[in-house]
Amino acid sequence: MAASWISPPTRTELIENLVSGVDRYNPSNVGILEDYLYHQIRSQEYDCLANLAILKLYQFNPDLYNPDVVINILIKALGASPLPDFNLCISLLDERLSNATLDEPDPLPSLLPVLHGLHLLLYRCRFPAFWRAYRSDQLEGLRDNYTVECAGFEDSIREVVIRAVKSTFTRIGTERLSLYLDLDSPEELKVYIDKLGWTLNSEGTVVNIPPNPDNQIEAIVVQESIKLPQLTKVISQAAKP
């Protein structure tokens, strides 16, 4: 997983050269990286390091700053939770960016706390609360102007849920899983379960999750071998005044 994070298989040779070499600091390449971000938005691909390179260029060159690009980078990073991608992106947002001269009002200052709040809900595995916040009237602008353009955004959030459920449960109720995945229809949930290779009990009320290294508890017996001369030495040292 670490290897695919560092160098995704979908990354082109051109982007690989930009991200891995000194050209990542060349401001003339920002357009190429921004185009690559929008390719990720349209194609459901994801490349954190390439997106971080954009933020670094903005940090060094505030005149290049594009708030819509930053917002889209943060939206893509939400789907990587619980990896630290979102926080890595936040760490590269220079305060000077919000003071950049723009033709229109900057949407980032108002959306940043919203996106940060959504990230915290995902990180803390508060999935029903995430969906309630995301579907709320207050976030209509985020949905209509940004996430609607991000292909597969909601499915990427469901992948975050699935990673957490797989590492935590061996069995989970369908009602609970429906809330976690924001799938109201039993038919939709059944399709999703089948795609994952999970199974339902005979009543259709409980989902069985196959064993994996994370959801299995195994007792570990640790045996220490202490020879008699060693034990005698320890006792004699302890008895010394």
Side-chain angles (χ1 to χ4, degrees), residues 1-6 8-10 40-48 74-87 114-140 142-144 146-223:
M1 186 172 181
S4 62
W5 187 87
I6 293 171
T10 53
Q40 296 172 54
I41 294 290
R42 295 188 300 269
S43 65
Q44 301 187 47
E45 296 175 9
Y46 179 58
D47 192 332
C48 182
L74 294 175
I75 286 172
K76 290 294 288 185
L78 281 176
S81 185
L83 293 175
D85 298 30
F86 188 89
N87 287 333
V114 169
L115 293 169
H116 191 263
L118 291 175
H119 165 69
L120 286 178
L121 291 174
L122 287 177
Y123 187 77
R124 295 169 180 170
C125 296
R126 296 182 58 194
F127 304 126
F130 171 89
W131 291 114
R132 285 195 301 271
Y134 176 69
R135 302 287 186 201
S136 67
D137 293 341
Q138 290 82 354
L139 299 196
E140 183 179 5
L142 176 68
R143 297 193 303 273
D144 291 348
Y146 293 99
T147 59
V148 69
E149 302 292 337
C150 185
F153 171 74
E154 294 180 7
D155 283 337
S156 72
I157 300 301
R158 293 187 178 104
E159 286 298 316
V160 175
V161 175
I162 293 304
R163 288 194 290 270
V165 169
K166 282 173 61 177
S167 64
T168 310
F169 296 92
T170 56
R171 301 169 75 243
I172 184 172
T174 52
E175 185 175 347
R176 186 176 189 180
L177 186 59
S178 295
L179 287 174
Y180 282 8
L181 294 171
D182 193 44
L183 295 174
D184 297 330
S185 163
E187 291 76 19
E188 282 185 301
L189 181 62
K190 178 67 165 57
V191 169
Y192 211 92
I193 291 170
D194 290 344
K195 183 177 69 173
L196 293 167
W198 298 356
T199 58
L200 287 165
N201 67 348
S202 56
E203 293 81 15
T205 57
V206 175
V207 180
N208 299 304
I209 301 168
N212 64 71
D214 294 319
N215 69 357
Q216 297 299 296
I217 301 176
E218 296 183 3
I220 299 176
V221 178
V222 178
Q223 294 181 338

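Residue numbers start at 1 and run along the sequence shown.
Closest approach of Tyr192 and Asp155 over heavy atoms only: OH-O, 4.3 Å. In terms of heavy atoms, Thr174 sits closest to Val206 at CG2-N, 4.0 Å. Scanning both residues, Gly79 and Val160, for their nearest heavy atoms gives O-CG2, 3.4 Å. For the residue pair Pro210 and Gly197, the shortest heavy atom distance occurs at CG-O, 4.1 Å. The two residues Asp184 and Glu188 make their nearest non-hydrogen contact at N-OE1, 4.3 Å. Here the closest non-hydrogen pair linking Leu177 and Val165 is CD1-CG2, 4.3 Å.
Looking at heavy atoms from C-beta onward, Leu118 lies in side-chain contact with Leu139 at the 4.5 angstrom threshold. For the pair Leu78 and Phe86, the minimum side-chain heavy-atom distance is below 4.5 Å. The shortest side-chain heavy-atom distance between Leu181 and Ile162 falls under the 4.5 Å cut-off. Two residues are said to be in side-chain contact when any heavy atoms from C-beta on lie closer than 4.5 Å; Lys76 and Ile41 meet this criterion. The closest side-chain heavy-atom distance from Leu122 to Phe127 is below 4.5 Å. Here the side chains of Asp47 and Thr10 are not in contact, with every heavy-atom distance at 4.5 Å or above. Using a 4.5 Å heavy-atom threshold, the side chains of Leu196 and Lys166 count as separate. Under the 4.5 Å side-chain criterion, counting only non-hydrogen atoms from C-beta, Arg158 is in contact with Asp182.
Taken from CZ in Arg171 to OG1 in Thr205, the straight-line distance is 8.0 Å, to the nearest 0.5 Å. Within the model, atoms CG of Leu83 and CH2 of Trp5 stand 8.0 Å from one another, a figure rounded to the nearest 0.5 Å. Separation of atoms CZ (Arg42) and SG (Cys150) is listed at 11.5 Å; rounding is to 0.5 Å. Expressed to the nearest 0.5 Å, how far CD1 of Ile193 lies from OG of Ser178 amounts to 7.0 Å. A distance of 11.5 Å separates CD1 in Ile172 from CG in Asn208, rounded to the nearest 0.5 Å. The CH2 atom of Trp198 lies 9.5 Å from the CZ atom of Phe169; values are rounded to the nearest 0.5 Å.
Counting only distance, with no hydrogens or angles, the side chain of Arg163 and the backbone of Ser81 share a donor-acceptor pair below 3.5 Å.
Defined by atom type and a distance below 3.5 Å, a donor-acceptor pair is present between the side-chain atoms of Asp85 and Tyr46.
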| message | Quick one, Thr168 with Asn215, criterion side-chain contact (heavy atoms from CB on, under 4.5 Å). Give me CA distance, side-chain angles, the key distance, then yes/no. | response | CA-CA 5 Å; Thr168 310; Asn215 69 357; over 6 Å; no
| request: Give the intermediate values and the outcome of side-chain contact (heavy atoms from CB on, under 4.5 Å) for residues Tyr134 and Thr147. | output: CA-CA 10 Å; Tyr134 176 69; Thr147 59; 2.8 Å; yes
| request: Apply the test side-chain contact (heavy atoms from CB on, under 4.5 Å) to residues Leu74 and His119: give CA-CA distance (whole Å), side-chain angles for both, the deciding distance (0.1 Å), then the verdict. | output: CA-CA 9 Å; Leu74 294 175; His119 165 69; over 6 Å; no
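A salt bridge is defined here as a Lys NZ or Arg NE, NH1 or NH2 lying under 4.0 Å from an Asp or Glu carboxylate O, and Arg143 with Glu154 fails to meet this definition.
Around CD of Glu175, the count of heavy atoms belonging to other residues, nucleotides or ligands within 6.0 Å does not exceed 12. With a 6.0 Å radius and a threshold of 12 heavy atoms from other residues, nucleotides or ligands, Arg124 has its CZ atom at or below the threshold.
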